[in-house]
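Note: hydrogens, waters and symmetry copies are ignored here, and every other heavy atom, side chains too, is used.
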Amino acid sequence: MASGVSLLVVVLSIFNGFQKQVKESLWQGGPHITIENSYGSGAIYDYEKLITHLQTDPNLKDSLVSIEGNITSHGLIQSNNNFNPIMIRAVPIDSVEKLLQNGLPNFPRILQYQRDEIQNINTKKLVVVGKEMAAIYGYGLGREITMAVPGGRFTVERGVQVNVQTFRLTGLFKTGYYNYDSKFVFLSLPMAQDFFKMKGAVNQIGIKVRSLDDLKLTKNKILSRLNEDDWNPSLQSSSSWSVRTIAEEQENFLAALRLEKTIISIIVFLFIVLAALGMVATVHSLVRAKRKSIGTLKALGLASNDILLIFTLNAMVVGVLSSLVGGMWGIFVATKLEVIINGLSEIINSVGHLLNPNDWSDVELVPKDIYYFDHIPVDIDISFIFMVTTAATILSGLAGYFPARWAANLNPVDTIRND
(Lines give C-alpha, C1' and ligand atoms only; values in the text may rest on other atoms or scores of the structure.)
Protein backbone atom coordinates (compact mmCIF):
# COMPACT_ATOMS: atom_id res chain seq x y z
CA MET A 1 0.00 0.00 0.00
CA ALA A 2 2.76 2.45 0.96
CA SER A 3 4.67 1.79 -2.28
CA GLY A 4 1.50 2.33 -4.34
CA VAL A 5 0.75 5.66 -2.62
CA SER A 6 4.34 6.89 -2.98
CA LEU A 7 4.44 5.86 -6.65
CA LEU A 8 1.17 7.68 -7.34
CA VAL A 9 2.42 10.84 -5.59
CA VAL A 10 5.70 10.86 -7.53
CA VAL A 11 4.14 10.15 -10.93
CA LEU A 12 1.34 12.69 -10.56
CA SER A 13 3.73 15.34 -9.23
CA ILE A 14 5.87 14.92 -12.35
CA PHE A 15 2.85 15.08 -14.64
CA ASN A 16 1.51 18.15 -12.84
CA GLY A 17 4.92 19.78 -13.19
CA PHE A 18 5.19 18.98 -16.90
CA GLN A 19 1.67 20.26 -17.56
CA LYS A 20 2.27 23.44 -15.58
CA GLN A 21 5.55 24.11 -17.38
CA VAL A 22 4.04 23.48 -20.81
CA LYS A 23 1.03 25.69 -20.10
CA GLU A 24 3.19 28.52 -18.76
CA SER A 25 5.37 28.33 -21.86
CA LEU A 26 2.25 28.33 -24.02
CA TRP A 27 0.67 31.29 -22.23
CA GLN A 28 3.89 33.32 -22.49
CA GLY A 29 4.18 32.79 -26.21
CA GLY A 30 1.50 35.13 -27.51
CA PRO A 31 -1.81 36.87 -26.77
CA HIS A 32 -4.40 35.07 -24.65
CA ILE A 33 -7.32 36.44 -26.67
CA THR A 34 -7.21 37.45 -30.34
CA ILE A 35 -9.67 39.66 -32.21
CA GLU A 36 -9.70 39.51 -36.01
CA ASN A 37 -11.71 41.13 -38.76
CA SER A 38 -12.99 38.65 -41.34
CA TYR A 39 -14.32 41.35 -43.68
CA GLY A 40 -12.43 42.00 -46.93
CA SER A 41 -8.65 41.79 -46.59
CA GLY A 42 -8.88 41.42 -42.82
CA ALA A 43 -7.08 44.68 -42.13
CA ILE A 44 -8.22 46.75 -39.13
CA TYR A 45 -7.53 50.42 -39.91
CA ASP A 46 -9.21 52.03 -36.93
CA TYR A 47 -7.69 49.67 -34.39
CA GLU A 48 -6.75 52.46 -31.93
CA LYS A 49 -10.45 53.34 -31.69
CA LEU A 50 -11.32 49.69 -31.10
CA ILE A 51 -8.66 49.41 -28.38
CA THR A 52 -9.95 52.53 -26.64
CA HIS A 53 -13.50 51.22 -26.81
CA LEU A 54 -12.49 47.99 -25.05
CA GLN A 55 -10.23 49.70 -22.50
CA THR A 56 -13.05 52.01 -21.38
CA ASP A 57 -15.42 49.14 -20.65
CA PRO A 58 -15.80 48.96 -16.83
CA ASN A 59 -16.58 45.24 -17.08
CA LEU A 60 -13.22 44.57 -18.75
CA LYS A 61 -11.05 47.03 -16.84
CA ASP A 62 -9.98 44.59 -14.12
CA SER A 63 -9.59 41.62 -16.48
CA LEU A 64 -7.07 42.97 -19.00
CA VAL A 65 -3.31 43.27 -18.63
CA SER A 66 -2.67 44.69 -22.09
CA ILE A 67 -4.42 45.20 -25.39
CA GLU A 68 -2.61 46.20 -28.58
CA GLY A 69 -2.71 45.84 -32.32
CA ASN A 70 -0.36 43.41 -34.04
CA ILE A 71 0.24 41.71 -37.35
CA THR A 72 0.40 37.92 -37.44
CA SER A 73 0.69 36.07 -40.71
CA HIS A 74 2.15 33.05 -42.42
CA GLY A 75 5.33 33.63 -44.36
CA LEU A 76 8.35 31.94 -45.90
CA ILE A 77 11.96 32.10 -44.80
CA GLN A 78 14.89 31.31 -47.08
CA SER A 79 17.28 28.58 -46.03
CA ASN A 80 19.94 27.77 -48.62
CA ASN A 81 17.91 27.35 -51.83
CA ASN A 82 14.63 26.52 -50.13
CA PHE A 83 11.80 28.58 -48.65
CA ASN A 84 10.34 27.12 -45.45
CA PRO A 85 7.00 28.06 -43.84
CA ILE A 86 7.09 30.21 -40.71
CA MET A 87 4.84 32.50 -38.68
CA ILE A 88 5.61 36.21 -38.57
CA ARG A 89 4.36 38.34 -35.68
CA ALA A 90 4.83 42.09 -35.27
CA VAL A 91 3.97 43.96 -32.09
CA PRO A 92 4.40 47.60 -31.04
CA ILE A 93 7.67 48.19 -29.18
CA ASP A 94 7.22 51.43 -27.29
CA SER A 95 10.42 51.00 -25.27
CA VAL A 96 13.55 49.07 -26.18
CA GLU A 97 14.55 48.95 -22.52
CA LYS A 98 11.28 47.21 -21.69
CA LEU A 99 11.97 44.80 -24.53
CA LEU A 100 15.42 43.94 -23.17
CA GLN A 101 14.06 43.60 -19.62
CA ASN A 102 11.26 41.30 -20.85
CA GLY A 103 8.67 43.89 -19.87
CA LEU A 104 6.57 43.78 -23.05
CA PRO A 105 3.53 41.52 -22.47
CA ASN A 106 3.27 40.21 -26.04
CA PHE A 107 6.98 39.80 -26.76
CA PRO A 108 8.73 36.59 -25.63
CA ARG A 109 11.76 36.49 -23.34
CA ILE A 110 14.95 37.50 -25.20
CA LEU A 111 18.03 35.40 -24.45
CA GLN A 112 20.67 36.96 -26.69
CA TYR A 113 20.79 40.24 -28.60
CA GLN A 114 23.09 42.86 -30.08
CA ARG A 115 22.55 45.85 -27.79
CA ASP A 116 23.68 48.61 -30.13
CA GLU A 117 21.74 47.27 -33.10
CA ILE A 118 18.51 46.33 -31.34
CA GLN A 119 18.04 49.97 -30.31
CA ASN A 120 16.96 50.62 -33.90
CA ILE A 121 14.38 47.82 -34.10
CA ASN A 122 11.57 50.32 -34.82
CA THR A 123 13.40 52.02 -37.68
CA LYS A 124 15.51 49.33 -39.34
CA LYS A 125 14.76 45.90 -40.79
CA LEU A 126 15.64 43.83 -37.74
CA VAL A 127 14.08 40.58 -36.52
CA VAL A 128 14.18 38.37 -33.45
CA VAL A 129 13.77 34.62 -33.97
CA GLY A 130 13.33 31.63 -31.66
CA LYS A 131 16.39 29.86 -30.29
CA GLU A 132 15.26 26.60 -31.87
CA MET A 133 14.73 28.18 -35.29
CA ALA A 134 18.26 29.57 -35.16
CA ALA A 135 19.57 26.10 -34.33
CA ILE A 136 17.55 24.43 -37.11
CA TYR A 137 18.69 26.80 -39.87
CA GLY A 138 22.14 27.60 -38.47
CA TYR A 139 21.44 31.31 -37.96
CA GLY A 140 23.64 33.50 -35.81
CA LEU A 141 23.30 37.09 -34.62
CA GLY A 142 23.98 39.50 -37.48
CA ARG A 143 22.85 37.00 -40.14
CA GLU A 144 20.91 38.37 -43.13
CA ILE A 145 17.53 36.60 -43.43
CA THR A 146 15.29 36.73 -46.50
CA MET A 147 11.53 36.42 -45.92
CA ALA A 148 8.55 36.40 -48.26
CA VAL A 149 4.91 37.22 -47.47
CA PRO A 150 1.74 37.61 -49.55
CA GLY A 151 1.21 41.12 -50.85
CA GLY A 152 -1.99 42.58 -52.23
CA ARG A 153 -5.08 40.61 -53.23
CA PHE A 154 -5.32 37.39 -55.17
CA THR A 155 -6.33 37.82 -58.81
CA VAL A 156 -6.86 35.24 -61.53
CA GLU A 157 -4.59 37.12 -63.93
CA ARG A 158 -1.67 37.72 -61.57
CA GLY A 159 -2.22 35.07 -58.91
CA VAL A 160 -0.73 35.87 -55.52
CA GLN A 161 1.67 38.78 -55.32
CA VAL A 162 4.67 38.21 -53.06
CA ASN A 163 6.73 40.73 -51.11
CA VAL A 164 10.33 39.70 -50.48
CA GLN A 165 12.62 41.59 -48.12
CA THR A 166 15.88 40.95 -46.30
CA PHE A 167 16.14 41.49 -42.55
CA ARG A 168 19.01 41.30 -40.10
CA LEU A 169 18.89 38.92 -37.12
CA THR A 170 19.44 40.95 -33.96
CA GLY A 171 18.16 38.70 -31.16
CA LEU A 172 17.08 35.23 -30.03
CA PHE A 173 14.09 34.46 -27.81
CA LYS A 174 12.87 31.42 -25.91
CA THR A 175 9.41 30.68 -24.52
CA GLY A 176 9.96 27.04 -23.58
CA TYR A 177 7.34 25.89 -26.09
CA TYR A 178 9.19 24.15 -28.93
CA ASN A 179 6.63 24.70 -31.71
CA TYR A 180 6.66 28.41 -30.93
CA ASP A 181 10.43 28.76 -30.64
CA SER A 182 10.99 26.92 -33.92
CA LYS A 183 8.33 28.68 -36.04
CA PHE A 184 7.92 32.34 -35.04
CA VAL A 185 9.78 35.42 -36.21
CA PHE A 186 9.22 38.73 -34.37
CA LEU A 187 9.70 42.25 -35.66
CA SER A 188 8.44 45.71 -34.83
CA LEU A 189 4.99 46.83 -35.95
CA PRO A 190 6.15 49.77 -38.18
CA MET A 191 8.53 47.50 -40.10
CA ALA A 192 5.81 44.86 -40.51
CA GLN A 193 3.29 47.42 -41.76
CA ASP A 194 5.76 48.37 -44.49
CA PHE A 195 6.58 44.71 -45.23
CA PHE A 196 2.92 43.64 -45.50
CA LYS A 197 1.86 46.94 -47.16
CA MET A 198 -0.63 47.62 -44.36
CA LYS A 199 0.24 51.22 -43.57
CA GLY A 200 -1.64 52.37 -40.46
CA ALA A 201 -3.40 49.00 -40.06
CA VAL A 202 -3.10 45.68 -38.24
CA ASN A 203 -4.79 42.34 -38.77
CA GLN A 204 -5.19 41.35 -35.10
CA ILE A 205 -5.89 42.81 -31.70
CA GLY A 206 -3.90 40.87 -29.09
CA ILE A 207 -5.09 40.80 -25.48
CA LYS A 208 -3.35 39.54 -22.34
CA VAL A 209 -5.62 38.76 -19.36
CA ARG A 210 -4.91 38.59 -15.64
CA SER A 211 -6.51 35.23 -14.99
CA LEU A 212 -6.38 32.38 -17.48
CA ASP A 213 -9.24 30.73 -15.60
CA ASP A 214 -11.58 33.50 -16.82
CA LEU A 215 -10.74 33.31 -20.53
CA LYS A 216 -14.23 32.26 -21.60
CA LEU A 217 -15.95 34.89 -19.44
CA THR A 218 -13.63 37.62 -20.70
CA LYS A 219 -14.23 36.54 -24.30
CA ASN A 220 -18.00 36.84 -23.81
CA LYS A 221 -17.57 40.33 -22.33
CA ILE A 222 -15.49 41.37 -25.35
CA LEU A 223 -18.09 40.03 -27.78
CA SER A 224 -20.81 41.93 -25.94
CA ARG A 225 -18.77 45.12 -26.14
CA LEU A 226 -18.08 44.67 -29.86
CA ASN A 227 -21.77 44.08 -30.61
CA GLU A 228 -22.87 47.41 -29.16
CA ASP A 229 -24.57 49.52 -31.82
CA ASP A 230 -23.54 53.03 -30.79
CA TRP A 231 -19.74 52.89 -30.47
CA ASN A 232 -18.66 53.03 -34.14
CA PRO A 233 -21.42 52.33 -36.67
CA SER A 234 -19.24 52.97 -39.74
CA LEU A 235 -16.60 50.44 -38.70
CA GLN A 236 -19.03 47.88 -37.40
CA SER A 237 -21.17 47.92 -40.52
CA SER A 238 -18.18 46.86 -42.62
CA SER A 239 -16.65 44.36 -40.24
CA SER A 240 -17.30 40.95 -38.86
CA TRP A 241 -15.42 40.33 -35.64
CA SER A 242 -13.93 36.97 -34.70
CA VAL A 243 -12.78 36.45 -31.11
CA ARG A 244 -10.88 33.34 -30.02
CA THR A 245 -8.85 32.36 -26.98
CA ILE A 246 -5.54 30.55 -26.79
CA ALA A 247 -7.31 27.66 -25.05
CA GLU A 248 -9.52 27.26 -28.12
CA GLU A 249 -6.52 27.41 -30.46
CA GLN A 250 -4.69 24.74 -28.45
CA GLU A 251 -7.80 22.73 -27.52
CA ASN A 252 -6.56 19.41 -28.93
CA PHE A 253 -3.15 19.76 -27.33
CA LEU A 254 -4.57 20.61 -23.89
CA ALA A 255 -7.12 17.80 -24.16
CA ALA A 256 -4.29 15.37 -24.94
CA LEU A 257 -2.44 16.51 -21.81
CA ARG A 258 -5.54 15.99 -19.66
CA LEU A 259 -6.20 12.56 -21.18
CA GLU A 260 -2.60 11.50 -20.65
CA LYS A 261 -2.73 12.53 -17.00
CA THR A 262 -6.04 10.72 -16.48
CA ILE A 263 -4.78 7.48 -18.02
CA ILE A 264 -1.57 7.50 -15.99
CA SER A 265 -3.55 8.26 -12.81
CA ILE A 266 -5.85 5.31 -13.43
CA ILE A 267 -2.94 2.96 -14.15
CA VAL A 268 -1.04 3.97 -11.02
CA PHE A 269 -4.22 3.94 -8.89
CA LEU A 270 -4.62 0.28 -9.84
CA PHE A 271 -1.47 -0.37 -7.81
CA ILE A 272 -3.33 0.86 -4.73
CA VAL A 273 -6.30 -1.34 -5.60
CA LEU A 274 -3.91 -4.28 -5.97
CA ALA A 275 -2.42 -3.45 -2.57
CA ALA A 276 -5.95 -3.39 -1.13
CA LEU A 277 -6.54 -6.90 -2.49
CA GLY A 278 -3.35 -7.92 -0.77
CA MET A 279 -4.80 -6.43 2.41
CA VAL A 280 -7.80 -8.76 2.04
CA ALA A 281 -5.46 -11.75 1.96
CA THR A 282 -3.48 -10.41 4.95
CA VAL A 283 -6.54 -9.88 7.14
CA HIS A 284 -7.97 -13.23 6.05
CA SER A 285 -4.71 -14.95 7.11
CA LEU A 286 -4.84 -13.09 10.41
CA VAL A 287 -8.39 -14.25 11.03
CA ARG A 288 -7.45 -17.86 10.29
CA ALA A 289 -4.51 -17.61 12.68
CA LYS A 290 -6.71 -16.17 15.44
CA ARG A 291 -9.71 -18.48 15.00
CA LYS A 292 -9.32 -20.07 18.44
CA SER A 293 -8.93 -16.68 20.15
CA ILE A 294 -11.97 -15.35 18.30
CA GLY A 295 -14.00 -18.40 19.36
CA THR A 296 -12.90 -17.98 22.99
CA LEU A 297 -13.79 -14.28 23.06
CA LYS A 298 -17.19 -14.93 21.53
CA ALA A 299 -17.81 -17.72 24.04
CA LEU A 300 -17.03 -15.26 26.83
CA GLY A 301 -19.68 -12.89 25.44
CA LEU A 302 -17.87 -10.60 23.03
CA ALA A 303 -20.39 -9.40 20.44
CA SER A 304 -19.98 -10.19 16.76
CA ASN A 305 -20.07 -6.48 15.93
CA ASP A 306 -17.07 -5.95 18.19
CA ILE A 307 -15.14 -8.67 16.36
CA LEU A 308 -16.08 -6.99 13.07
CA LEU A 309 -14.92 -3.61 14.39
CA ILE A 310 -11.60 -4.95 15.70
CA PHE A 311 -10.43 -6.47 12.42
CA THR A 312 -11.81 -3.62 10.29
CA LEU A 313 -9.99 -1.04 12.43
CA ASN A 314 -6.85 -3.17 12.24
CA ALA A 315 -6.95 -2.94 8.45
CA MET A 316 -7.70 0.80 8.55
CA VAL A 317 -4.80 1.48 10.93
CA VAL A 318 -2.48 -0.37 8.56
CA GLY A 319 -3.95 1.68 5.69
CA VAL A 320 -3.47 4.98 7.54
CA LEU A 321 0.14 4.17 8.40
CA SER A 322 0.84 2.99 4.84
CA SER A 323 -0.75 6.15 3.41
CA LEU A 324 1.25 8.45 5.70
CA VAL A 325 4.53 6.66 5.08
CA GLY A 326 3.86 6.38 1.33
CA GLY A 327 2.74 10.02 1.06
CA MET A 328 5.78 11.38 2.93
CA TRP A 329 8.14 9.14 1.01
CA GLY A 330 6.51 10.18 -2.27
CA ILE A 331 6.88 13.90 -1.41
CA PHE A 332 10.53 13.37 -0.48
CA VAL A 333 11.32 11.48 -3.70
CA ALA A 334 9.43 14.07 -5.80
CA THR A 335 11.35 17.00 -4.29
CA LYS A 336 14.70 15.22 -4.68
CA LEU A 337 13.90 13.60 -8.02
CA GLU A 338 16.36 15.62 -10.09
CA VAL A 339 19.16 14.91 -7.62
CA ILE A 340 18.29 11.21 -7.63
CA ILE A 341 18.20 10.99 -11.44
CA ASN A 342 21.46 12.92 -11.82
CA GLY A 343 23.06 10.61 -9.26
CA LEU A 344 21.84 7.54 -11.14
CA SER A 345 23.18 9.02 -14.39
CA GLU A 346 26.61 9.56 -12.79
CA ILE A 347 26.66 6.01 -11.41
CA ILE A 348 25.70 4.53 -14.80
CA ASN A 349 28.30 6.63 -16.62
CA SER A 350 31.00 5.79 -14.05
CA VAL A 351 30.33 2.06 -14.42
CA GLY A 352 30.19 2.42 -18.19
CA HIS A 353 33.57 4.17 -18.33
CA LEU A 354 35.08 1.45 -16.14
CA LEU A 355 33.71 -1.40 -18.24
CA ASN A 356 34.20 0.21 -21.63
CA PRO A 357 36.48 3.25 -21.31
CA ASN A 358 37.10 3.71 -25.03
CA ASP A 359 33.65 3.46 -26.59
CA TRP A 360 31.36 4.59 -23.76
CA SER A 361 29.37 7.77 -24.34
CA ASP A 362 27.65 9.44 -21.40
CA VAL A 363 23.92 8.80 -21.06
CA GLU A 364 21.33 11.25 -19.78
CA LEU A 365 18.24 9.62 -18.24
CA VAL A 366 16.10 12.70 -18.93
CA PRO A 367 17.52 14.34 -22.10
CA LYS A 368 16.92 18.09 -21.97
CA ASP A 369 17.05 18.44 -25.75
CA ILE A 370 14.09 16.04 -26.05
CA TYR A 371 11.91 17.24 -23.18
CA TYR A 372 12.93 20.89 -23.73
CA PHE A 373 13.15 21.71 -20.01
CA ASP A 374 16.15 23.08 -18.11
CA HIS A 375 15.15 20.97 -15.12
CA ILE A 376 12.68 18.24 -14.21
CA PRO A 377 9.46 20.12 -13.39
CA VAL A 378 7.70 18.83 -10.28
CA ASP A 379 4.48 20.30 -8.87
CA ILE A 380 3.36 18.74 -5.57
CA ASP A 381 -0.37 19.17 -5.02
CA ILE A 382 -1.07 18.72 -1.29
CA SER A 383 -4.83 18.54 -1.80
CA PHE A 384 -4.37 15.70 -4.30
CA ILE A 385 -2.04 13.86 -1.92
CA PHE A 386 -4.67 14.18 0.83
CA MET A 387 -7.25 12.75 -1.55
CA VAL A 388 -4.97 9.81 -2.43
CA THR A 389 -4.20 8.98 1.19
CA THR A 390 -7.88 9.23 2.11
CA ALA A 391 -8.83 6.90 -0.76
CA ALA A 392 -6.11 4.45 0.31
CA THR A 393 -7.44 4.47 3.90
CA ILE A 394 -11.00 3.84 2.74
CA LEU A 395 -9.87 1.02 0.47
CA SER A 396 -7.97 -0.50 3.39
CA GLY A 397 -11.12 -0.39 5.52
CA LEU A 398 -13.16 -2.03 2.76
CA ALA A 399 -10.42 -4.64 2.26
CA GLY A 400 -10.51 -5.52 5.94
CA TYR A 401 -14.30 -5.52 6.24
CA PHE A 402 -15.02 -8.75 4.38
CA PRO A 403 -12.53 -10.98 6.26
CA ALA A 404 -13.65 -9.26 9.49
CA ARG A 405 -17.27 -10.07 8.70
CA TRP A 406 -16.30 -13.71 8.19
CA ALA A 407 -14.55 -13.63 11.58
CA ALA A 408 -17.62 -12.12 13.22
CA ASN A 409 -19.83 -14.92 11.85
CA LEU A 410 -17.63 -17.74 13.16
CA ASN A 411 -19.39 -20.27 15.42
CA PRO A 412 -17.46 -20.22 18.77
CA VAL A 413 -18.25 -23.86 19.63
CA ASP A 414 -17.08 -25.21 16.26
CA THR A 415 -14.06 -22.95 16.29
CA ILE A 416 -12.84 -24.01 19.74
CA ARG A 417 -13.53 -27.72 19.11
CA ASN A 418 -11.83 -27.82 15.68
CA ASP A 419 -8.81 -25.71 16.67
> Does Gln193 reach the main-chain N or O of Ala201 with its side chain, forming a donor-acceptor pair under 3.5 Å?
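Yes, the answer is positive, given that a donor and an acceptor are paired below the 3.5 Å cut-off.
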> Can you say whether the rings of Tyr180 and Phe173 are parallel (under 30°), tilted (30 to 60°) or perpendicular (over 60°)?
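Perpendicular: the ring planes of Tyr180 and Phe173 meet at over 60°.
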> Run the side-chain hydrogen bond (donor to acceptor under 3.5 Å, both in side chains) test against Tyr113 and tell me which residues pass, sequence neighbours left out.
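Result, side-chain hydrogen bond (donor to acceptor under 3.5 Å, both in side chains) vs Tyr113: Arg115.
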> What do the steps show when you test Ile207 against Ile222 for side-chain contact (heavy atoms from CB on, under 4.5 Å), and what is the final call?
CA-CA 10 Å; Ile207 300 173; Ile222 292 173; 3.5 Å; yes
> Rounded to the nearest 0.5 Å, what separates atom CZ in Phe386 from atom OG in Ser323?
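The distance works out to 11.0 Å.
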> If the condition is side-chain hydrogen bond (donor to acceptor under 3.5 Å, both in side chains), which residues does Glu346 pass it with, not counting sequence neighbours?
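So Glu346 forms no side-chain hydrogen bond (donor to acceptor under 3.5 Å, both in side chains) with any residue.
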> Tell me, yes or no, whether the heavy-atom count around Glu251 atom CD, taken from other residues, nucleotides or ligands under 6.0 Å, exceeds 12.
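Atom CD in Glu251 is not packed in, count stays at 12 or less.
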> If only atom types and distance count, is the side chain of Thr312 paired as donor or acceptor with the main-chain N or O of Leu309 below 3.5 Å?
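Side chain of Thr312 to backbone of Leu309: no pair is present.
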> Counting only N and O atoms by type, is there a donor-acceptor contact under 3.5 Å from the side chain of Ser188 to the main-chain atoms of Ile121?
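Yes: the side chain of Ser188 pairs with the backbone of Ile121.
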> Report yes or no: does His74 contribute a side-chain atom to a donor-acceptor pair with the main-chain N or O of Val149 at less than 3.5 Å?
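Side chain of His74 to backbone of Val149, a donor-acceptor pair under 3.5 Å: no, none is there.
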> Could you tell me the separation between the CZ atom of Phe186 and the OG1 atom of Thr170, rounded to the nearest 0.5 Å?
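If we round to the nearest 0.5 Å, Phe186:CZ and Thr170:OG1 are 15.0 Å apart.
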> Please give me the minimum heavy-atom distance between Ile44 and Ile205, naming the atom from each residue.
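It is CD1-CG1, 4.2 Å.
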> Hey, does the side chain of Asn37 reach the backbone of Ala43 with a donor-acceptor pair shorter than 3.5 angstrom?
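At least one qualifying donor-acceptor pair exists.
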> Per the side-chain contact (heavy atoms from CB on, under 4.5 Å) rule, which among Thr56, Ile67, Asp46 passes with Ile51?
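By the side-chain contact (heavy atoms from CB on, under 4.5 Å) criterion, Ile51 pairs with just one of Thr56, Ile67, Asp46: Ile67.
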> Are Glu68 and Val91 close enough, and set up right, to give a side-chain contact (heavy atoms from CB on, under 4.5 Å), and what steps lead you there?
CA-CA 8 Å; Glu68 58 189 23; Val91 299; 4.0 Å; yes
> Going by heavy atoms in the side chains, are His53 and Arg225 under 4.5 Å from each other?
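A side-chain contact exists here, since the closest heavy-atom pair is under 4.5 Å.
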> Are Thr175 and Phe184 close enough, and set up right, to give a side-chain contact (heavy atoms from CB on, under 4.5 Å), and what steps lead you there?
CA-CA 11 Å; Thr175 65; Phe184 272 80; over 6 Å; no
> Once side-chain hydrogen bond (donor to acceptor under 3.5 Å, both in side chains) is applied, do any residues pair with Glu48, and if so which ones, sequence neighbours excluded?
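Scan of Glu48 (side-chain hydrogen bond (donor to acceptor under 3.5 Å, both in side chains), adjacent residues dropped) gives none.
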> So, Asn356 side chain and Gly352 main chain: donor-acceptor pair closer than 3.5 Å or not?
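Pair absent, no side-chain N/O of Asn356 close to backbone of Gly352.
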> Mind checking salt bridge (charged side-chain N to carboxylate O under 4.0 Å, His left out) for Arg210 and listing every partner two or more places apart, or none if nothing turns up?
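Testing Arg210 for salt bridge (charged side-chain N to carboxylate O under 4.0 Å, His left out), a comparison that skips the adjacent residues, returns none.
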> Do Thr72 and Arg89 have side-chain atoms, one donor and one acceptor, less than 3.5 Å apart?
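Distance-only check passes for Thr72 and Arg89.
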> Checking the side chain of Asn122 only, and the main-chain atoms of Ile93 only, is there a donor and an acceptor separated by less than 3.5 Å?
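Yes: the side chain of Asn122 pairs with the backbone of Ile93.
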> So, the side chain of Ser79 versus the backbone of Asn82: is there a donor-acceptor pair under 3.5 Å, distance only?
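Side chain of Ser79 to backbone of Asn82, a donor-acceptor pair under 3.5 Å: no, none is there.
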> Would a 4.5 Å heavy-atom cut-off, applied to side chains only, mark Pro108 and Lys174 as touching?
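The answer is no, as the side chains (C-beta and beyond) never meet within the 4.5 Å cut-off.
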> What I'd like to find out is whether the side chain of Ile88 reaches to under 4.5 Å of the side chain of Phe195, using heavy atoms alone.
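In short, these two side chains touch, coming nearer than 4.5 Å.
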> Between Ile71 and Gln204, is a side-chain contact (heavy atoms from CB on, under 4.5 Å) present by the stated rule, with each step listed?
CA-CA 6 Å; Ile71 295 176; Gln204 284 186 353; over 6 Å; no
> State which residues pass salt bridge (charged side-chain N to carboxylate O under 4.0 Å, His left out) with Glu248; sequence neighbours excluded, sorted by chain then number.
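Only Lys219 meet the salt bridge (charged side-chain N to carboxylate O under 4.0 Å, His left out) criterion with Glu248.
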> What pair of heavy atoms forms the shortest contact from Gly206 to Asn106, and how long is it?
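What the structure gives for the nearest pair is O-ND2, 4.1 Å.
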> Scan side-chain atoms only and decide if Asn203 and Glu36 contain a donor-acceptor pair under the 3.5 Å cut-off.
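Short answer, no.
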> Measure across Thr146 and Phe83 and return the closest heavy-atom pair with its distance rounded to 0.1 Å.
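Between these two residues, the closest heavy atoms are O-CE2, 4.4 Å.
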> How would you list, by chain and number, every residue that makes a side-chain hydrogen bond (donor to acceptor under 3.5 Å, both in side chains) with Arg168, sequence neighbours excluded?
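Testing Arg168 for side-chain hydrogen bond (donor to acceptor under 3.5 Å, both in side chains), a comparison that skips the adjacent residues, returns Glu117, Glu144.
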> If you round to the nearest 0.5 Å, how far is CD of Gln114 from CG of Asn120?
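Going from the CG atom of Asn120 to the CD atom of Gln114 covers 11.5 Å.
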> For the pair His32 (side chain) and Val209 (backbone), establish whether a donor and an acceptor sit closer than 3.5 Å, ignoring hydrogens and angles.
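Confirmed, His32 side chain pairs with Val209 backbone.
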> Taking atom CG of Leu172 and atom CG of Leu141, what is their separation to the nearest 0.5 Å?
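Separation between the atoms: 5.0 Å.
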> When rounded to the nearest 0.5 angstrom, what is the spacing between OG in Ser95 and CD in Gln101?
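CD of Gln101 is found 7.5 Å from OG of Ser95.
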> For the atom pair NZ (Lys216) and CD1 (Ile33), what is the distance rounded to the nearest 0.5 Å?
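Between atom NZ of Lys216 and atom CD1 of Ile33 there are 13.0 Å.
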> List the atom of Leu60, the atom of Leu54, and the distance in Å for their closest heavy-atom pair.
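The answer is CD1-O, 3.9 Å.
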> In the structure I gave you, are the side-chain heavy atoms of Val10 and Ser13 within less than 4.5 Å of one another anywhere?
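No - every pair of side-chain heavy atoms lies 4.5 Å or more apart.
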> Considering all heavy atoms of both residues, which atom of Met133 and which atom of Ser182 are nearest to each other, and what is their separation?
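The pair with the smallest heavy-atom distance is CE-O, 3.5 Å.
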> Where do Val162 and Ala148 come nearest, in terms of heavy atoms and distance?
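Closest approach of Val162 to Ala148: CG1-CB, 3.7 Å.
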